[in-house]
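So the structure is just underneath, and the comments pick up after that.
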There are 2 protein chains.
Amino acid sequence: MEMTQESRRTASERRRRELLEAADRVVLRDGPEASMNAIAAEAGITKPILYRHFGDKGGLYRALAVRHTDALLAGLRAALDSPVPRRDRVEATLDTYLAAIEARPQVYRFLMHPSDEGQTGDRGFDVGRHSAPLLRRLGEELAQVIAERVDLGPAGGELARVWGHGIVGMMHAAGDWWLREQPCSRAQLVQHLADLLWGRLAAAGDRPGGPGF
Amino acid sequence: MEMTQESRRTASERRRRELLEAADRVVLRDGPEASMNAIAAEAGITKPILYRHFGDKGGLYRALAVRHTDALLAGLRAALDSPVPRRDRVEATLDTYLAAIEARPQVYRFLMHPSDEGQTGDRGFDVGRHSAPLLRRLGEELAQVIAERVDLGPAGGELARVWGHGIVGMMHAAGDWWLREQPCSRAQLVQHLADLLWGRLAAAGDRPGGPGF
DNA sequence: ACACTGCTGTTACCGCAAGTAACGTACTGC
DNA sequence: GCAGTACGTTACTTGCGGTAACAGCAGTGT
């Protein structure tokens with residue numbers, strides 16, 4: 001068996017990918033509370049190997065998260081960067097996000113409700129740690145796009161960051177709620193949210209016969 | 001020692017309140033990962049009593065959550081219902097929420113990142129379960145206020161619900177980010193978010209020298 | 001041939017938190 | 001006196017994250 005250091009490295013990486021795919025399958029099946037034992041079993045091995053590869057559960061989570069986050073971000077960036085009017089871009093971005101969470105709700109739940117980990121005691125692995133849990137990454141990403149493409153005057157950077165995180169949060173919360181109780185079509189939801197962003201709340205009139213007056 | 005059934009009941013309720021206050025103190029100190037043991041110790045008792053009162057950890061969480069949620073909701077309702085122009089109402093509501101999370105970040109973290117529980121295995125206690133974890137409650141509440149006070153035409157109910165959850169999500173995400181890295185004053189954040197809701201994103205012009213064109 | 005390194009993998013264990021069982025005690029109402 | 005019910009305890013089970021300690025196997029330098 002020939003095996004140079006190079007081929008070793010690639011073999012190790014392939015192993016890692018296999019483990020991640022097994023973890024993915026388990027998460028897809030069991031949701032966010034997949035245990036390390038279950039993942040190891042799915043991969044046909046035992047726990048310590050997982051720990052050698054990923055350090056701790058947070059490490060595995062992070063590795064899984066960047067995979068999915070990168071995939072999602074690629075789609076979002078495409079929608080965000082397309083050379084069409086702003087409103088169309090916003091709608092395309094919202095729709096891309098919502099389509100993604102609709103297609104894989106289990107993965108979505110795993111990414112969004114990571115249970116915060118904690119409780120590691122004290123060892124504390126110096127690995128990356130707190131690698132921007134998706135929502136923050138999305139928020140920063142969107143902030144950058146806004147700052148790049150929209151003219152917000154002086155202090156626009158700060159504004160863009162606030163808006164980036166705010167809009168991502170809006171998208172997330174509305175999507176979460178919509179995913180639970182499917183109250184309308186995806187297209188309608190996109191329209192409603194875009195309308196909100198377009199100031200329809202400010203434009204709408206007061207209701208006749210409000211309480212008290 | 002005299003003790004009628006009535007006084008027993010009230011005594012039990014007082015005990016429950018004491019336990020909740022002890023739990024509150026621990027959560028305030030240790031954050032969301034407070035253990036049942038720690039809470040019991042703080043209350044000067046041992047675990048089984050907690051379980052007799054609250055069923056499981058989720059029950060305790062729920063009891064704590066409704067306390068704080070009710071308090072927060074009272075403040076928000078006041079801001080939401082005041083008879084001033086809509087923009088002022090929106091700003092007051094945002095500010096009320098942000099002031100609350102700024103004042104008690106530990107409680108806030110406990111409410112917002114309840115670690116999803118899970119992992120109970122199978123027993124699964126038929127107690128209430130998933131009692132609208134605050135964000136959903138806020139979203140529904142806001143949706144109702146919007147539906148009541150804003151004229152959105154036909155199908156306005158659906159729109160109001162989408163907006164309710166969306167706006168709450170925006171508030172939450174922006175608040176979460178702002179709480180971490182204090183990038184600006186609370187008043188500024190309120191202004192930025194209100195501007196976003198007021199359609200300033202749609203009104204702003206494209207940036208000169210965008211990428212690619 | 002040899003030890004050495006570095007990876008793969010194992011079994012068996014630790015610590016800790018949630019949740020329970022079994023038991024004892026005080027008080028009330030009949 | 002006796003049932004009922006709340007309070008309280010100690011001691012336990014289960015399950016998960018995480019870690020030794022050990023064993024095999026490929027390739028490398030001497």
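Chain letters run A, B, ... following the sequence lines, proteins first and then strands; every chain starts at 1. Computed from a prediction, not measured in an experiment: that's the story for all the values here.
Using the six-membered ring where Trp is involved, A:Y108 and A:Y97 have ring planes that are perpendicular, over 60° apart on the 30 and 60° scheme.
Regarding A:E33, its CD atom lies at a distance of 16 Å from the C1' atom of D:dG17, rounded to whole Å. Taking atom CG of B:L50 as the reference point, atom P of C:dA18 lies 10 Å away to the nearest angstrom. Atom P of nucleotide C:dG19 and atom CE of B:M36 are separated by 6 Å, given to the nearest angstrom. Between the CG atom of A:N37 and the P atom of D:dG18 there is a distance of 12 Å, given to the nearest Å. Put simply, CZ on A:R15 is 16 Å from C1' on C:dG6, counting in whole angstrom units. Rounded to whole angstrom, the span from the CG atom of A:L60 across to the P atom of D:dC16 amounts to 16 Å. Regarding B:F54, its CZ atom lies at a distance of 15 Å from the P atom of C:dA18, rounded to whole Å.
Taking 4.0 Å as the cut-off between side-chain N and carboxylate O, A:R89 and A:D81 do not count as a salt-bridged pair. Between A:R137 and A:D70 there is a salt bridge, with a side-chain nitrogen of the basic residue lying less than 4.0 Å from a carboxylate oxygen of the acidic one. Note on A:E181 versus B:R161: salt bridge recorded, some NZ/NE/NH1/NH2 to OD/OE distance being below 4.0 Å.
Of the candidates D:dC7, C:dT10, D:dG18, the closest approach to any side-chain atom of A:P48 belongs to C:dT10. When the nucleotides C:dT11, C:dA18, D:dT9 are ranked by their closest atom to the side chain of B:Y51, C:dA18 comes out on top.
Within the structure, a side-chain polar atom (N or O) of B:T46 is placed less than 4.0 Å from OP1 or OP2 of D:dT9. Side-chain N/O atoms of B:S35 include none lying less than 4.0 angstrom from OP1 or OP2 on C:dA17.
Counting only distance, with no hydrogens or angles, the side chain of B:R86 and the backbone of B:V150 share no donor-acceptor pair below 3.5 Å.
Within residues 18-27 of chain B, no residue approaches DNA chain C, by heavy-atom distance under 4.0 Å.
A cation-pi geometry, defined here as NZ or CZ lying under 6.0 Å from the six-membered ring centre and within 45° of its normal, holds between A:R87 and A:W198.
When heavy atoms are screened at a 4.0 angstrom cut-off, A:I49 is found touching base atoms of the nucleic acid.
For the residue pair B:D24 / B:H68, a side-chain donor-acceptor distance below 3.5 Å is found, with atom types taken as modelled.
A donor and an acceptor atom never sit less than 3.5 Å apart when one is taken from the side chain of A:R52 and the other from the base of D:dG18.
Place A:K47 and A:H53 on DNA chain C by their nearest nucleotides, and A:H53 ends up nearer the 5' end.
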